Amino acid sequence: MTIDTFDGTGVKPAHWDLDAVVAALRVSREATHNIRHQRRVRELPSREALTTIVNGLSAVLFPTHYGRPNLTDESIDYFVGDTLNTTLNRLTEQVRRGLQFADDADMGEEALTQKAHDITRAFAASLPQIRALLVSDVQAAYAGDPAATSIAEIMLCYPGTIAILYYRLAHQLHRLGSPFLARMICDISHSLTGVDIHPGAQIGASFFIDHGTGVVIGETAILGERVRLYQHVTLGAKRFPTDASGMLIKGTPRHPIVEDDVVIYAGATVLGRITIGAGSTIGGNVWLTQSVPPNSNVSQAQMRSD
């Protein structure tokens with residue numbers, strides 16, 4: 001005789017044939033559909049840890065805005081030093097994890113750890129320069145937006161400013177040889193702000209993204225100084241070259257070059273390795289796939305007439 005057991009709620013427990021499902025998933029994971037880097041199990045960087053790290057770095061760069069508002073002249077350096085030390089230790093571990101997915105990840109654990117320390121040390125040394133760029137970005141936002149009432153408002157309420165902060169940190173990590181970690185930081189920023197900036201993009205000082213939502217900036221884009229973008233602007237690729245086997249060729253220049261003092265209004269789409277000349281204005285909803293000379297004014301009506 002079979003005796004049914006119940007879970008206390010009067011409902012008979014379900015049976016899922018777990019042994020068979022788990023075994024089939026193992027075959028898929030280990031053999032038929034193995035997508036692991038170099039077919040090995042590796043500890044991935046943690047998004048939660050990276051969020052904590054970026055929050056710590058933000059507090060180090062701007063202690064009273066992103067750290068503790070009650071800091072004094074006497075306590076602020078102690079706060080910065082303690083926060084920086086803790087944050088850099090956390091960052092080193094995440095850099096090490098990210099380096100496991102690089103092309104030269106088989107260098108050995110000791111060498112990998114040393115490289116992570118070297119990258120983190122160089123990153124720490126660059127923080128004053130990163131802060132200088134961020135200050136120029138905030139000042140550009142204050143100067144460029146008549147609705148802005150204070151620097152504090154811009155730093156705490158503008159998603160474009162938050163996205164640029166994340167990008168500046170990620171870009172430096174990308175430059176120093178930690179691209180996977182940089183990409184994850186920018187993806188966290190994308191989730192928070194709706195702004196998608198690839199950490200490989202090169203962006204000059206005094207950069208302002210107004211409103212922010214929907215802005216996309218591709219990996220090989222180059223932006224000069226004092227560039228201003230509005231919501232839903234795309235700086236993207238027009239086409240993707242492939243090799244003889246049909247595989248995409250990675251890393252080729254395929255995104256726009258935007259020179260100094262360019263303004264690109266909401267909804268504009270700028271595609272391909274074209275150049276927007278210095279001092280130009282690109283109107284809203286323009287679809288642009290050809291270079292324009294300096295001091296151009298491109299409107300949607302002009303593009304429709306071409």
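Note that the structure is a prediction, hence the values are computed from the model and not measured. We number each residue from 1, following the sequence as shown.
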Q | Residue pairs, two or more places apart or on separate chains, that pass side chain to side chain donor-acceptor pair (under 3.5 Å) and touch residues 191-210 | A |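 Residue pairs with at least one partner in residues 191-210: there are none.
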Q. For Gln231, what residues pass the side chain to side chain contact (heavy atoms under 4.5 Å, CB included) criterion, not counting sequence neighbours?
A.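 Counting only residues at least two positions away or on another chain, Gln231 forms a side chain to side chain contact (heavy atoms under 4.5 Å, CB included) with His211, Ala266.
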Q: Provide the closest heavy-atom pair for Gly177 versus Ile119 in the form atom of the first, atom of the second, distance.
A: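 Closest pair (atom of Gly177, atom of Ile119, distance): O-CD1, 3.9 Å.
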Apply the hydrophobic cluster definition, ILVMFWY joined by side-chain contacts under 4.5 Å directly or through others, and give me every member besides [X].
X	value
Ile257	Ile222
Trp16	Leu18
Val21	Leu25

Would you please name every residue forming a ring pair (Phe, Tyr, Trp, His ring centres under 6.0 Å) with [X], sequence neighbours left out?
X	answer
Tyr230	Tyr265
Phe180	Phe101
Tyr167	His171

Q: Please list, chain by chain and in numerical order, all residues satisfying salt bridge (charged side-chain N to carboxylate O under 4.0 Å, His left out) with Asp82, sequence neighbours excluded.
A: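 Result, salt bridge (charged side-chain N to carboxylate O under 4.0 Å, His left out) vs Asp82: none returned.
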Taking only distance into account, with no hydrogens and no angle test, what donor-acceptor pairs under 3.5 Å do side-chain atoms of residues 50-61 form with protein atoms, sequence neighbours excluded?
residue: Thr51; atom: OG1; partner: Arg47; partner atom: O; Å: 2.9
residue: Thr52; atom: OG1; partner: Glu48; partner atom: O; Å: 3.2
residue: Asn55; atom: ND2; partner: Thr51; partner atom: O; Å: 3.2
residue: Ser58; atom: OG; partner: Val54; partner atom: O; Å: 2.8

Q.
Within the 3.5 Å criterion, strictly below it, is a donor on His33 or Ser28 matched to an acceptor on the partner's side chain?
A.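 A pair is found: one side chain offers a donor N or O, the other an acceptor, under 3.5 Å apart.
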Q. Are side-chain N/O atoms of Thr234 and Thr269 paired as donor and acceptor at under 3.5 Å?
A.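 No pair is found: no donor N or O on one side chain lies under 3.5 Å from an acceptor on the other.
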Q: Would you list the pairs meeting salt bridge (Lys or Arg N to Asp or Glu O under 4.0 Å) in which at least one residue belongs to residues 120-136, sequence neighbours left out?
A: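 Every pair satisfying salt bridge (Lys or Arg N to Asp or Glu O under 4.0 Å) with a residue in residues 120-136: Asp118-Arg121.
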Q.
Other residues, nucleotides and ligands only: do more than 12 of their heavy atoms fall within 6.0 Å of CG on Asp19?
A.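 Open.
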**Q.** ring-ring contact (aromatic ring centres under 6.0 Å, His included) pairs, two or more places apart, involving residues 51-100
**A.**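 For residues 51-100: none.
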